Engineer: 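A single structure is presented below for examination.
In what follows, residues are counted from 1 in the order of the sequence shown. Treat the numbers as computed from the prediction; the structure is a model and nothing was measured.
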Amino acid sequence: MHEGSAVFLPYGRQSIDDDDIEAVVSALRSDFLTTGPLVSVFEGAFAEAVSAKHACACNSGTSALHLAMMALQVGPGDTVIVPSMTFLATANAARFQGARVVFADVDQRTGLMTPATLAEAVERAGSPIKVVVAVHLNGQAADMESISAIAKRAGAAIVEDACHALGAEHLARDGTRTPIGSCAFSDISCFSLHPVKGITTAEGGVATTADSDLAERLHRLRSHGMVRDADRYTNSDLAFASDGHAHAWYYEMPEIGWNYRLPDVLSALGISQLKKLPAFIEQRRALASRYDEVIKRLDGSVTAHPRINWSTHAFHLYAVLIDFQQLGTSRDDVMADLREHAIGTQVHYVPVHLQPYYQQHAPAPTLEGAEAYYAQCLSLPMFPAMRMDDVDRVVAALALATGRSSR
């Protein structure tokens, strides 16, 4: 039983309004439920929102990552570097293609792969690198300017796992601000549209790119690898009748793809949600400022997640770092105490190199940064519908759970 009658605050949740519902109902009443005209409308709006030349909508962030690997022609014998502090899907996308995964360590305070940890992983790999995946965590971007330089020297393509970073911007050393997703420092950026992310399509994902050839491959591989362009593809037995005209029903599959399409009805939700992205980000940042202010009053080993100077913060998550050992408690106990106060929390993430599958298929040395970050991180409630007094309530409960006093 939660304390009193307090409304439960999950660590994250979707924000759905009447106009979102109306958009979905309108799509349900149209002629298209699966792939239809709203998909390309959503792709265009998403590309504009992140200053990308091309966007390919798909049915999950995992699908976006897998499409990126396929579009870059990752296959058996290739090596892909992935930071260990990420969700399983980042590494799994490379394994789907039969590639070897080499895990890079991360900074123990930010959880982000650094130029130094990437360089160490490149050296440890002992083989040519096909792709480097940079993961943006909590809402902050990795140092893409430096990571890109190292990856290019290694001859690798670059994929951004931007599932946490919709609405963030990279701040280059020359002062240039580039939205995450513009692919200013990468070949492909991948986003998730899961309910707890910056916007949602219920389930969904997007891959963006500045390369028209990659965009064409992403779209083709999203739908079984199937094409209908008889003038571009050359299997005349399939495409052309004896009189030289293309069959009206012609299609062919030059290479295998998947069914990763996003339906029109979910694209309708995405179009509506995108209009609110600036307001969502503004509210997340306001909530984060309040968290920062209140957490500073805690007397003890609880600190706000460090901020970096090469990225703005989209605050997909609000993470704190807690020295549980010094406090004489455990994360399990703290999370349980917070649940008793109707407050949900989560851990992002268990380092992927510690997972049983990857200990067998991609054994890594001790990655001290990832393991240290994992030992102390905790994600507190963060979503646009929260109020400032919700933040105060969360931090007051956290102070009780950790035995901290408030100054």
Side-chain angles (χ1 to χ4, degrees), residues 65 68-69 71-74 77-86 90-91 93-95 97 99-138 140-165 168-190 207-211 214 306-312 351-353 358 362 364-373:
L65 288 161
M69 294 297 157
L72 293 168
Q73 301 183 44
V74 171
D78 291 329
T79 297
V80 176
I81 292 180
V82 176
S84 183
M85 187 50 59
T86 186
T90 316
R95 288 296 296 156
Q97 293 301 102
R100 169 195 178 215
V101 173
V102 171
F103 288 107
D105 205 356
V106 301
D107 179 85
Q108 69 174 10
R109 298 287 293 171
T110 67
L112 294 167
M113 183 172 69
T114 69
T117 62
L118 172 58
E120 188 279 330
V122 169
E123 182 177 357
R124 175 162 39 91
S127 63
I129 310 301
K130 181 75 171 185
V131 175
V132 168
V133 184
V135 175
H136 308 323
L137 191 65
N138 297 326
Q140 293 190 125
D143 182 357
M144 290 306 302
E145 199 167 8
S146 300
I147 286 170
S148 174
I150 294 169
K152 287 179 179 178
R153 285 198 296 272
I158 306 159
V159 171
E160 294 176 77
D161 181 336
C163 292
H164 285 197
E169 294 178 304
H170 187 275
L171 307 176
R173 294 182 182 86
D174 64 3
T176 303
R177 300 169 70 100
T178 54
I180 301 301
S182 64
C183 297
F185 300 101
S186 66
D187 296 281
I188 299 172
S189 295
C190 300
T208 62
T209 184
D211 186 306
L214 284 176
R307 313 292 154 71
I308 44 84
N309 60 12
W310 57 80
S311 166
T312 62
V352 186
H353 77 280
Y358 283 106
T366 299
L367 299 180
E368 295 180 356
E371 293 175 30
Y373 181 83

Engineer: Any chance you could measure R109, atom CZ, to I308, atom CD1, to the nearest 0.5 Å?
Structural biologist: 14.5 Å
Engineer: Return each pair, listed once, that meets salt bridge (charged side-chain N to carboxylate O under 4.0 Å, His left out) where at least one residue sits in residues 153-163; pairs must be two or more places apart or across chains.
Structural biologist: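 Listed once each, the pairs would be none.
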Engineer: Taking it one step at a time, do D78 and V131 satisfy side chain to side chain contact (heavy atoms under 4.5 Å, CB included)?
Structural biologist: CA-CA 8 Å; D78 291 329; V131 175; over 6 Å; no
Engineer: What residue pairs, at least two apart or across chains, pass salt bridge (charged side-chain N to carboxylate O under 4.0 Å, His left out) with a residue in residues 174-186?
Structural biologist: E169-R177
Engineer: Which residue is it: D105, D107, D143? I am looking for the one with a side chain to side chain contact (heavy atoms under 4.5 Å, CB included) to T114.
Structural biologist: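 Answer after filtering D105, D107, D143: D107.
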Engineer: Over 60° means perpendicular and under 30° means parallel, so tell me whether H170 and F185 are parallel, tilted or perpendicular.
Structural biologist: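 The arrangement is tilted - the two ring planes meet at 30° to 60°.
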Engineer: Tell me, with the steps shown, if L214 and L72 meet side chain to side chain contact (heavy atoms under 4.5 Å, CB included).
Structural biologist: CA-CA 8 Å; L214 284 176; L72 293 168; 3.9 Å; yes
Engineer: Of all residues at least two apart in sequence or in a different chain, which pass the side chain to side chain donor-acceptor pair (under 3.5 Å) check with E120?
Structural biologist: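 Side chain to side chain donor-acceptor pair (under 3.5 Å) list for E120, sorted by chain: R124.
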Engineer: Enter the distance from E371:CD to H353:NE2 here, rounded to the nearest 0.5 Å.
Structural biologist: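 Between E371 CD and H353 NE2, I get 4.0 Å after rounding to 0.5 Å.
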Engineer: If you measure from CD on E145 to CG on L171, what distance do you get to the nearest 0.5 Å?
Structural biologist: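 E145 CD to L171 CG: 10.0 Å, rounded to 0.5 Å.
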Engineer: What's the spacing between M113 CE and H136 NE2 if we round to 0.5 Å?
Structural biologist: 9.5 Å
Engineer: Would you please test C190 and M69 for side chain to side chain contact (heavy atoms under 4.5 Å, CB included) and show each step?
Structural biologist: CA-CA 11 Å; C190 300; M69 294 297 157; over 6 Å; no
Engineer: Rounded to the nearest 0.5 Å, what separation is found between the CZ atom of F103 and the OG1 atom of T86?
Structural biologist: 9.5 Å
Engineer: If you measure from CE on M144 to OG on S189, what distance do you get to the nearest 0.5 Å?
Structural biologist: 7.0 Å
